[in-house]
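Note sheet for the following structure.
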2 protein chains.
Amino acid sequence: MAKDLAGLVESLISEASSEESTGRLRLPAERTLGASLDLSRGMLREQLATLELLGFIDRTQGRGTYLEAPDSGFIQLYFRLALRLGHISAAQFTQAREMLEIAVVEQAAVMATPAEVATLRSHIDRMVEATSRGDVDKAITADFDFHRGLFELVDNPIFNFLQDGLRDVLRDVVAERRRKALAVVETTSDFITDQVHYGITDALAKNDPDAARAAMRRHFDVWRAITDEP
Amino acid sequence: MAKDLAGLVESLISEASSEESTGRLRLPAERTLGASLDLSRGMLREQLATLELLGFIDRTQGRGTYLEAPDSGFIQLYFRLALRLGHISAAQFTQAREMLEIAVVEQAAVMATPAEVATLRSHIDRMVEATSRGDVDKAITADFDFHRGLFELVDNPIFNFLQDGLRDVLRDVVAERRRKALAVVETTSDFITDQVHYGITDALAKNDPDAARAAMRRHFDVWRAITDEP
DNA sequence: TCAGTACATTGGTTCAACCAATTAGGAGAT
DNA sequence: ATCTCCTAATTGGTTGAACCAATGTACTGA
């Protein structure tokens with residue numbers, strides 16, 4: 001009956017039954033499901049394996065199979081494979097990240113509340129403080145929190161997943177750039193790649209999309225100017 | 001040895017051999033590959049099925065398995081499933097599409113050549129002509145060609161795939177909106193949702209990113225104003 | 001030289017059996 | 001009655017062999 005994933009999912013939806021205790025949608029056992037769909041267990045499992053990788057179902061030995069809300073794990077894997085196999089370059093990932101951040105910060109500026117801006121500022125404070133102590137890992141974490149916070153303001157799963165995926169695939173290059181930047185500047189107190197973040201929150205506080213975009217662009221300009229090879 | 005997809009891909013890369021005639025990278029036969037990876041054929045096939053769905057390999061009965069450059073087919077499937085399962089809403093897809101188009105047109109304006117702008121203008125010409133004849137399908141095709149052309153200017157596979165996926169999942173809603181728009185306007189000659197496209201190419205011709213973004217935003221504003229329920 | 005046929009290769013599919021983790025149920029002790 | 005522990009049933013995880021079907025190759029003969 002169901003040869004493709006889309007068709008299979010339609011069947012799964014109709015076969016799923018809500019579980020009282022957890023409220024999650026539980027699928028019939030593989031053997032049962034295969035019989036009702038007229039699919040051999042092997043073929044069914046091949047498709048379920050894919051659905052599990054995509055994050056749409058969760059399977060646990062002995063417990064059962066449940067419909068699930070996907071997380072960004074799969075897109076991270078996809079990006080890593082695409083990079084490894086040479087289908088998407090690091091430069092293209094970087095370009096996508098910058099364009100996404102700029103697009104998102106513009107939208108975030110439209111809808112940012114003072115409380116949300118304050119939270120973002122606290123992330124920058126933590127970053128500046130960590131940088132001044134030379135704690136690169138702490139600074140990177142705070143930096144991630146700040147940028148993630150921007151995406152959470154917009155709250156679109158497509159962008160959130162992309163952000164997570166891009167962050168994962170660019171993790172190494174970002175970390176190395178930041179270490180390089182830390183080595184370049186002399187006085188850590190005015191570490192410019194940290195300070196430029198305040199320009200973004202200032203624009204958000206004024207709910208000024210154009211200024212936010214400009215500030216984010218400047219963030220990347222500074223970043224590149226400091227870390228790129230001459 | 002290789003339990004996860006990432007590990008499997010590493011093995012595949014080392015096991016792959018370049019084929020003389022086509023130049024494509026050919027993988028060993030499943031039975032051979034399974035033996036050398038210490039994987040049963042069933043487990044290997046389960047993973048290969050996923051890699052095939054993602055577009056990284058191509059399998060044909062009797063011919064063999066080859067490494068392949070992925071297309072957007074998989075992201076289209078992912079979006080359709082996410083929509084069907086209620087994890088991403090149509091509104092979120094629409095928002096993502098608008099934000100992406102605006103971000104891309106800005107970048108396209110930076111790098112557009114006169115020849116490329118002329119090509120884009122020809123798509124709009126075709127769209128206006130088709131609309132004037134009431135040929136909705138032709139107009140939609142020309143519209144798609146125009147927007148796809150913008151993404152091809154930027155030429156980032158991440159955005160191209162996203163564009164393809166969003167287009168696919170929004171195909172029905174877009175088509176219906178356009179039909180509604182066609183029913184709303186009286187004189188087809190100044191069909192405003194077509195005409196507004198020229199504002200975009202004008203900005204591209206001047207290599208003016210800000211104007212391009214404003215024109216694209218206006219494009220969506222007009223679109224929504226005409227087709228949204230009162 | 002060409003056409004056709006037989007054979008080998010390769011992916012596609014099924015089935016039965018067994019392993020391992022989890023859960024449900026019942027027996028026994030408190 | 002309630003709790004604990006052991007057993008059995010349920011369920012996903014894995015294997016191997018066998019067979020089907022599509023493709024490519026090599027051989028045979030006109």
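Here is how names work: the chains are called A, B, and so on, in the same order as the sequence lines, proteins then strands, and each is numbered from 1.
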Within this structure, what is the CD-to-P distance between A:Q61 and D:dT10, rounded to whole angstrom?
16 Å
Take the protein atom CG of B:L33 and the nucleotide atom P of C:dT10, then report the distance between them rounded to whole Å.
12 Å
Please figure out whether A:M43 or A:R63 has its closest DNA chain C nucleotide nearer the 5' end.
A:M43
Does the plane of the ring in A:F56 sit parallel, tilted or perpendicular to the ring in B:Y78? Use 30° and 60° as the thresholds.
tilted
Would B:R24 and B:E68 pass as an ion pair if we require N to O under 4.0 Å?
yes
For B:G64, report the nucleic acid contact type (base, sugar-phosphate, nothing); a contact means any heavy atom under 4.0 Å.
sugar-phosphate
Any idea how A:W223 and A:H219 line up, ring-wise: parallel (<30°), tilted (30 to 60°), or perpendicular (>60°)?
parallel
For B:E46 and D:dG13, what is the distance between atoms CD and P respectively, to the nearest whole Å?
8 Å
A:R45 CZ - C:dA17 C1' separation (whole Å)
15 Å
Round to the nearest Å and state the distance from A:E52 atom CD to D:dG13 atom C1'.
11 Å
On the nucleotide C:dG12, are OP1 or OP2 found under 4.0 Å from the side-chain N or O atoms that B:R59 carries?
yes
Is there a donor and acceptor pair closer than 3.5 Å between the side chain of B:R31 and the base of C:dG11?
yes
Atom pair distance, as rounded to whole Å: CZ in B:R41 and P in C:dT10:
11 Å
Between A:F79 and A:F161, does the ring centroid distance fall short of 6.0 Å?
no
Could you state the atom-to-atom distance from CG of B:L44 to P of D:dG13 in whole Å?
17 Å
Shortest non-hydrogen contact from A:P157 toward B:I88:
CG-CG1, 3.9 Å
Side chain of B:S40 only, please: which of C:dG11, D:dG12, D:dG16 is the nearest?
D:dG16
Phosphate OP1/OP2 of C:dT10: any B:T60 side-chain N/O under 4.0 Å:
no
Quick one: A:E30 CD to C:dA20 C1', roughly how many Å, whole number?
14 Å
